[in-house]
Amino acid sequence: MDIRTTTRTELIDITYRVRAAVKDSGIKDGICVITTRHTTCGIIVNENERGLRADILDLLETLVPETKKYAHNSIDDNADAHLRAVLLGMSETIPIEDGHIVLGTWQSIFFVELDGPRNRTVHVKIIEV
Ligand code: ZN
């Protein structure tokens, strides 16, 4: 799926798009793997609440400050985005049962932009098991 991000850092809820992909696949029992091939993005699962989305971005700023001196910034100006992506990881794996992804009531799947705005791609691989 294509994603157009609009700010440098943001969380974008892609749950409904993953649900649609699973439905379109027709697979009833299996595994859904959501990945990004970018090095300055992450895929996470958590609650979609406005304050929490801000808190997650604040946490990343606390752990990996944007303005710190980084070696990578001598050739590119986005070391913080790469390091934050390391913390988040580039994929999530979610089971599929009875044709639906198995998520808790408060769980949403997010694409996390860490060096936007950019055009991004997320891959959804659905495997029948
Ligand atoms: Zn870079």
Side-chain angles (χ1 to χ4, degrees):
M1 72 179 73
D2 296 323
I3 296 174
R4 172 72 191 161
T5 62
T6 58
T7 61
R8 181 150 198 269
T9 60
E10 64 182 309
L11 277 74
I12 298 173
D13 192 330
I14 59 171
T15 312
Y16 72 100
R17 295 177 73 176
V18 175
R19 285 192 206 284
V22 169
K23 186 178 178 188
D24 289 348
S25 76
I27 290 172
K28 298 298 175 197
D29 287 284
I31 293 170
C32 177
V33 184
I34 303 121
T35 60
T36 172
R37 293 191 297 181
H38 307 291
T39 57
T40 54
C41 306
I43 304 287
I44 64 171
V45 173
N46 216 289
E47 182 176 349
N48 188 358
E49 189 277 318
R50 192 160 62 103
L52 182 61
R53 293 199 309 270
D55 290 339
I56 291 168
L57 294 178
D58 283 351
L59 172 66
L60 293 173
E61 173 60 27
T62 299
L63 295 174
V64 186
E66 183 178 347
T67 56
K68 198 180 161 202
K69 187 168 167 35
Y70 299 103
H72 179 64
N73 282 351
S74 64
I75 61 149
D76 202 356
D77 195 29
N78 63 355
D80 64 308
H82 290 282
L83 296 172
R84 292 171 184 186
V86 167
L87 296 179
L88 298 182
M90 51 77 77
S91 72
E92 289 286 353
T93 303
I94 301 172
I96 300 165
E97 291 182 5
D98 300 325
H100 301 284
I101 51 175
V102 181
L103 285 178
T105 304
W106 303 109
Q107 287 183 312
S108 293
I109 306 161
F110 290 98
F111 173 83
V112 185
E113 175 61 82
L114 300 166
D115 191 29
R118 295 181 191 230
N119 292 314
R120 301 295 202 174
T121 305
V122 170
H123 289 263
V124 180
K125 185 75 175 179
I126 299 161
I127 305 156
E128 190 166 28
V129 293

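One-based numbering, in listed order, for ligands and for the atoms of each.
Backbone or side-chain N, O or S atoms of Thr39 do not reach the Zn ion (ligand 1) at under 2.8 Å.
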Taking it one step at a time, do Asn78 and Thr40 satisfy side chain to side chain donor-acceptor pair (under 3.5 Å)? CA-CA 8 Å; Asn78 63 355; Thr40 54; 5.0 Å; no
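Residues Asp2 and Arg120 are not paired through a salt bridge, judged by the lack of any N-O separation under 4.0 Å between the basic side chain and the carboxylate. We find that Glu10 and Arg53 are not joined by a salt bridge, their nearest charged nitrogen and carboxylate oxygen being 4.0 Å or further apart.
As for His72, its N/O/S atom nearest the Zn ion (ligand 1) is the one called NE2.
The shortest side-chain heavy-atom distance between His38 and Thr121 falls under the 4.5 Å cut-off.
Rounding to the nearest 10°, we obtain 160° for the angle at the Zn ion (ligand 1) between His82 NE2 and Asp76 OD2.
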